[in-house]
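Reviewing the structure listed below.
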Protein chains: 2
Amino acid sequence: MSCGLAYAPQLRSLGYRITPQRMAILHVLCHSGKHLTPRDVYQKAKKDFPTLTEPTVYRTLEFLAKNGLARPMQAGKGRLRYEMAEDDHHHIVCRVCGDEIEVEHELLESMYRKMESTSGYQRIDSHVTFFGVCPECLKT
Amino acid sequence: MSCGLAYAPQLRSLGYRITPQRMAILHVLCHSGKHLTPRDVYQKAKKDFPTLTEPTVYRTLEFLAKNGLARPMQAGKGRLRYEMAEDDHHHIVCRVCGDEIEVEHELLESMYRKMESTSGYQRIDSHVTFFGVCPECLKT
DNA sequence: ATCTTTATTGTAAAAACTTGCAATAAGGAA
DNA sequence: TTCCTTATTGCAAGTTTTTACAATAAAGAT
């Protein structure tokens with residue numbers, strides 16, 4: 001509950017409002033682990049704020065992502081999961097067993113810069129999910 | 001219609017079957033441009049094969065992607081679009097106007113190798129969609 | 001040609017996600 | 001405090017995507 005408040009000044013200064021729905025959702029993101037589905041977030045946050053609805057969860061997660069507080073990540077097919085945007089990292093998901101690890105952004109840094117100078121596009125998002133095969137699954 | 005047949009031997013040798021549904025969908029992917037939504041594919045392929053259903057389209061696109069014939073790409077939020085997997089490239093989508101360009105895989109090649117050796121994961125997918133801001137939108 | 005096996009499809013229903021719009025309430029002004 | 005503005009929410013309905021399972025048909029064997 002209190003942890004969402006930490007982000008209140010930042011949001012308010014951008015002209016956004018502090019609502020109990022947003023606080024409840026931030027609380028879940030802070031304390032319920034990583035890569036949560038919108039449904040995970042909905043069910044957990046509902047306990048704090050029972051009148052919460054699913055459209056609000058979808059809209060809020062998107063809102064938090066757009067403002068850099070939450071990080072959306074791909075979870076197979078076209079599905080999105082969310083986590084707090086803390087340290088800057090990417091994911092590699094094993095397409096066989098679903099296991100996943102993090103990759104520091106630093107490793108991709110120079111590639112990003114090359115891509116920006118080549119393409120002319122700027123502010124390229126600093127999060128990507130890659131799909132590969134993990135060492136365990138490679139054995140079999 | 002005929003263009004799908006080009007892939008028939010490849011599929012058959014893997015133990016898969018050649019069905020008119022698959023041929024119709026491959027035909028659409030070959031001749032209807034890039035990054036099509038499943039719905040685009042459904043509506044176009046239906047003309048060739050009117051009894052085609054949507055679940056079949058979703059399953060077939062996923063099937064083609066898994067076998068390297070089609071390339072799935074992210075189109076904002078969690079949505080997937082598909083195109084034939086011809087030359088090896090990635091996409092950068094402008095998150096303001098939606099415009100997009102291609103990036104040659106070669107540019108990312110060394111980063112992929114670094115990532116594989118660091119993480120132990122192998123066969124990391126060779127397609128990613130990045131989101132950034134295009135030169136046009138940067139001006140304003 | 002016909003039979004057999006089983007990969008693939010259609011059906012129907014469910015689950016996941018989105019949208020438009022009217023009602024609500026956050027936060028600044030009086 | 002009370003009022004006002006408008007960002008945000010809930011509602012209800014729509015669209016998109018997935019799933020389970022029985023029916024179908026592709027391809028090899030007879």
Side-chain angles (χ1 to χ4, degrees), chain A residues 1 4-5 7-26 28 35-46 48-67 69-70 72-82 98, chain B residues 1 4-5 7-26 28 35-46 48-67 69-70 72-82 98:
Chain A
M1 186 50 86
L5 283 174
Y7 301 99
Q10 180 180 351
L11 291 177
R12 201 165 320 171
S13 73
L14 290 166
Y16 301 120
R17 293 177 183 177
I18 309 309
T19 67
Q21 291 88 339
R22 284 177 179 168
M23 291 303 104
I25 288 168
L26 277 170
V28 168
H35 27 79
L36 301 165
T37 64
R39 165 144 298 246
D40 291 338
V41 174
Y42 171 62
Q43 287 173 338
K44 287 171 195 291
K46 217 171 144 73
D48 261 7
F49 193 80
T51 61
L52 184 68
T53 62
E54 283 197 279
T56 296
V57 172
Y58 281 96
R59 282 183 291 221
T60 300
L61 290 171
E62 204 183 328
F63 163 84
L64 294 173
K66 185 174 295 183
N67 288 285
L69 298 190
M73 67 161 283
Q74 298 300 139
K77 301 202 185 169
R79 297 280 173 75
L80 290 181
R81 288 168 179 257
Y82 292 85
Chain B
M1 186 50 87
L5 283 175
Y7 302 99
Q10 180 180 352
L11 291 177
R12 201 163 327 176
S13 74
L14 290 166
Y16 301 121
R17 293 179 184 175
I18 309 309
T19 67
Q21 290 91 337
R22 284 178 180 169
M23 291 304 103
I25 289 168
L26 275 170
V28 168
H35 27 79
L36 302 164
T37 64
R39 167 147 297 249
D40 291 336
V41 174
Y42 171 62
Q43 287 173 338
K44 287 170 194 293
K46 217 170 144 73
D48 262 8
F49 193 80
T51 61
L52 183 68
T53 63
E54 284 197 280
T56 296
V57 172
Y58 281 95
R59 284 182 292 219
T60 300
L61 290 172
E62 204 184 330
F63 164 83
L64 294 173
K66 185 174 296 184
N67 288 284
L69 298 190
M73 67 162 282
Q74 298 301 137
K77 302 203 184 166
R79 297 282 172 75
L80 290 181
R81 289 169 178 257
Y82 291 85

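Below, read A as the first sequence line, B as the second, and so on, with proteins coming before strands; counting in each chain starts at 1.
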Please give, in whole Å, the distance from [N] [atom2] to [X] [atom1]?
X	N	atom1	atom2	result
A/L14	D/dT8	CG	P	11 Å
A/F63	C/dC17	CZ	P	20 Å
A/Q74	D/dT17	CD	C1'	15 Å
A/R81	C/dA16	CZ	P	11 Å
B/L80	D/dT16	CG	C1'	12 Å
A/Y42	D/dG10	OH	C1'	11 Å
A/N67	D/dA7	CG	P	14 Å
A/K66	D/dT8	NZ	P	11 Å

Derivation of the side-chain contact (heavy atoms from CB on, under 4.5 Å) call for B/T51 and B/F49 | CA-CA 6 Å; B/T51 61; B/F49 193 80; 3.3 Å; yes

Side-chain touch [X]/[Y], heavy atoms, less than 4.5 angstrom:
X	Y	result
A/K46	A/V57	no
B/Y82	B/V41	no
A/Q10	A/L69	yes
A/P38	A/L61	yes

Hey, mind stepping through B/R39 and B/E54 against side-chain contact (heavy atoms from CB on, under 4.5 Å) and telling me if it holds?
-> CA-CA 8 Å; B/R39 167 147 297 249; B/E54 284 197 280; 3.0 Å; yes

Among D/dC11, D/dT16, C/dG10, which is the nearest nucleotide to the side chain of B/Y58?
->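 Taking heavy atoms from C-beta onward, the closest nucleotide is D/dT16.
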
[N] phosphate, OP1 or OP2, under 4.0 Å from [X] side-chain N/O:
X	N	value
A/R59	C/dT18	no
A/R39	C/dA16	yes
B/T56	C/dG10	yes
B/T37	D/dT16	no

Where do B/Y16 and B/N67 land on the side-chain contact (heavy atoms from CB on, under 4.5 Å) test, with the steps shown first?
-> CA-CA 10 Å; B/Y16 301 121; B/N67 288 284; 3.4 Å; yes

How does each nucleotide of nucleotides 24-30 of chain D score, in 5' to 3' order, for protein heavy atoms under 4.0 Å: base (B), sugar-phosphate only (S), or none (-)?
-> -BBS---

Comparing nearest nucleotides in DNA chain C, the 5'-proximal residue of the pair B/F49, B/G78 is B/F49

